[in-house]
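All ligand and atom numbering here is 1-based and tracks the order in the structure. These numbers come from the heavy atoms of this one structure, side chains and all, not from hydrogens, waters or symmetry mates.
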Amino acid sequence: MDLRYSESEQSFRAGLRAWLAEVVPTLPPKPSNLDWPGRRAYDSTWQKMLYDAGYAGIDWPVEGGGRGASPVEQLIYLEELERAHAPYVGVNFVGLLHAGPTVIVEGTPEQRARFLPPILRGEQVWCQGFSEPGAGSDLASLRTRAERDGDEYVVTGQKIWTSHAEVADYCELLVRTGPEGSRHRGITWLALEMDRPGIDFRPLRTIAGTTEFGELFLDGVRVPVANRLGEENDGWRVTMTTLSFERGTAFVGEALQSMELLRGLRQLARSTGVWEEAEVRRRVGHLGAELDALWALARRNVSQAARTGVPGIGGSVYKLALSELRQRIAELGMDLSGSAGLVWDSLPGFGAAAPSSDNTASSDNTASSDNTASSDHSVPIGNTEIVNTWVHSFSRTIAAGTSQIQRNIIAERILGLPKG
Ligand SMILES: Cc1cc2nc3c(=O)[nH]c(=O)nc-3n(C[C@H](O)[C@H](O)[C@H](O)COP(=O)(O)OP(=O)(O)OC[C@H]3O[C@@H](n4cnc5c(N)ncnc54)[C@H](O)[C@@H]3O)c2cc1C
């Protein structure tokens with residue numbers, strides 16, 4: 001294994017860094033979390049800019065509109081985006097990070113040509129219709145039914161917690177095509193067009209006040225058979241591919257975001273003087289070390305995906321570690337905020353006091369061992385960001401499969417322990 005960057009990787013990094021330095025400062029402010037059509041327009045415009053500059057789908061195949069580059073370049077891409085404080089994927093999360101990758105692995109050449117380029121250009125937003133009121137952790141018990149009628153399926157049922165469905169064009173939809181009780185053997189994976197008659201979306205409001213997800217009611221909705229990925233009743237296998245991308249590689253960028261968050265908290269601790277307390281330094285050091293380990297795991301998952309086509313079951317280890325670590329970072333933020341953590345609106349001057357003159361920054365363990373983002377890129381962290389991070393952190397051990405379920409998977413399928 002050669003841990004050094006090759007000349008072409010270094011030149012990729014330099015080109016991307018220069019491009020980001022030019023365009024990121026020109027971007028308008030991001031619309032609020034309450035304005036999803038505005039967020040779609042913002043995220044899609046950014047995605048189109050990436051595409052036009054040759055920076056969309058770094059590790060996607062060239063014939064699907066991607067760059068066909070190595071996983072190392074994909075990681076460099078994520079590092080540089082975070083370093084430049086560039087926008088993240090936003091409403092394009094499902095399309096770019098797990099529906100698209102599933103189409104790459106499981107789709108026919110026609111499906112790849114049809115779905116991949118528009119996702120990369122920011123023209124096709126996807127959502128995920130897996131969970132149902134009676135099927136979350138036990139996904140194989142889903143009941144949304146699809147009956148074959150000629151060249152179409154007719155779908156009736158209900159999905160829930162469907163993130164970004166309000167602004168999506170397609171939904172990766174799991175339906176039951178086998179007999180009731182057929183569980184894993186009777187599921188099919190369909191790409192549902194969201195403008196079809198018979199679809200009713202009702203938003204749900206989260207603890208943060210936003211309507212980022214909701215309920216999806218499907219009443220006799222017609223889906224062409226050409227929109228099926230894999231064979232009829234073979235959707236569980238396709239679903240495992242989707243979930244391994246969702247858990248194994250989709251959240252890789254969030255490890256870098258968490259490092260940046262921790263750097264912001266460290267700066268806050270310095271500005272308020274609590275950095276003098278050994279316990280605070282110890283907590284920051286522990287979290288930094290865990291983030292370094294997590295980043296190593298992320299790199300492993302990305303290279304495994306490049307080698308074998310999918311990240312595999314190790315994605316559960318990454319997902320479990322990231323979501324629980326993120327909660328501990330969020331708790332540190334609230335502890336450091338004191339009474340400012342009780343206020344959602346931005347407090348002027350919070351965290352902006354000059355950092356102390358000690359130069360412990362260079363010895364901190366919060367940046368990963370390579371040059372992902374040196375400590376001089378932190379901007380003062382605001383109390384609103386801390387409160388938002390904390391409030392959102394609760395959902396992290398539920399979304400994309402709960403921590404209990406990840407532990408079951410790790411115990412049974414990685415460690416080979418007996419079923420509970
Ligand atoms: C922010 C957010 C966004 C989401 N977005 C989407 C989306 O876009 N599309 C989508 O399809 N879904 C989405 N989900 C749904 C998510 O996948 C489910 O919430 C999750 O799989 C858990 O299912 P459930 O809510 O039905 O809980 P349940 O399955 O009812 O679980 C309840 C509790 O029981 C525990 N439990 C259940 N079974 C076991 C077991 N066998 N062993 C040990 N403990 C167990 C669980 O860990 C949990 O603590 C989202 C969820 C959140 C929070």
- Message: Looking at Arg40 and Glu166, is there a salt bridge between them, counting it only when a charged N and a carboxylate O are closer than 4.0 Å?
- Response: no

- Query: How close does the nearest protein non-hydrogen atom get to atom 9 (N) of ligand 1, and which residue and atom is it?
  - Reply: Gln128 O, 2.8 Å

- Task: Look at atom 24 (P) of ligand 1 and say which protein heavy atom is nearest, naming residue and atom and giving the distance to 0.1 Å.
- Result: Gly136 CA, 4.0 Å

- Query: Are any non-hydrogen protein atoms located under 4.0 Å from atom 30 (O) of ligand 1?
  - Reply: no

- Please indicate, with yes or no, if any protein heavy atom is found under 4.0 Å from atom 16 (C) of ligand 1? yes

- Task: In sequence, state the C-alpha distance, the side-chain angles, and the governing distance for Lys419 and Glu412, and then conclude on salt bridge (Lys or Arg N to Asp or Glu O under 4.0 Å).
- Result: CA-CA 6 Å; Lys419 275 186 182 288; Glu412 291 166 14; 3.2 Å; yes

- Query: Which residue holds the protein heavy atom closest to atom 12 (N) of ligand 1, what is that atom called, and what is the gap in Å?
  - Reply: Ser131 OG, 2.8 Å

- Task: Could you find the nearest protein heavy atom to atom 52 (C) of ligand 1 and give me its residue, atom name and distance?
- Result: Ala399 CB, 3.5 Å

- Item | Closest non-hydrogen atom pair, His98 against Thr102 | O-OG1, 2.5 Å

- Message: My understanding is that we take every heavy atom of each candidate and find the minimum distance to atom 6 (C) of ligand 1. Doing that for Trp161, Phe394, Phe213, which one comes out nearest?
- Response: Trp161

- Query: Does atom 34 (O) of ligand 1 have a protein non-hydrogen atom under 4.0 Å from it?
  - Reply: no

- Provide the closest heavy-atom pair for Ala56 versus Gln47 in the form atom of the first, atom of the second, distance. CB-NE2, 3.6 Å

- Task: Can you sort out which atoms of ligand 1 are near Asn408, meaning under 4.0 Å from one of its heavy atoms?
- Result: 40 (C), 41 (N), 42 (N), 43 (C)

- Report the C-alpha separation of Phe251 and Phe93 in whole Å, then their side-chain angles, then the decisive distance to 0.1 Å, and conclude whether the ring pair (Phe, Tyr, Trp, His ring centres under 6.0 Å) test is met. CA-CA 10 Å; Phe251 295 118; Phe93 184 90; 5.5 Å; yes

- Looking only at heavy atoms, which two atoms of Leu142 and Arg176 are closest? And how far apart? O-NE, 2.9 Å

- What is the nearest protein non-hydrogen atom to atom 20 (C) of ligand 1, stated with its residue, atom name and distance? Ile398 O, 3.6 Å

- Under a 4.0 Å heavy-atom limit, does Thr402 contact ligand 1 with its side chain, its backbone, both, or neither? side chain

- So which heavy atom in the protein is nearest atom 3 (C) of ligand 1, and how far is it from that ligand atom? Ser163 OG, 3.5 Å

- Query: Any N or O on Ser137 sitting closer than 3.5 Å to an N or O of ligand 1?
  - Reply: yes

- Task: May I have the step-by-step check of salt bridge (Lys or Arg N to Asp or Glu O under 4.0 Å) for Arg281 and Glu279, ending in yes or no?
- Result: CA-CA 5 Å; Arg281 293 200 303 278; Glu279 179 55 21; over 6 Å; no

- Query: Looking only at non-hydrogen atoms, which of His392, Gln404, Arg407 approaches atom 43 (C) of ligand 1 most closely?
  - Reply: Gln404

- Message: Ring centroids only, cut at 6.0 angstrom: are Phe201 and Phe213 within range, meaning strictly under it?
- Response: no

- For ligand 1, which atoms sit closer than 4.0 Å to a heavy atom of Ile405? 38 (N), 39 (C), 40 (C), 41 (N)

- Flag, side chain of Arg228 to backbone of Leu190, donor-acceptor distance under 3.5 Å: no

- Message: Tell me if the centroids of the rings in Phe115 and Trp126 come within less than 6.0 Å of each other.
- Response: yes

- Message: Under 4.0 Å from a heavy atom of Phe130: which atoms of ligand 1 are those, numbered in the order shown and with their elements?
- Response: 11 (O)

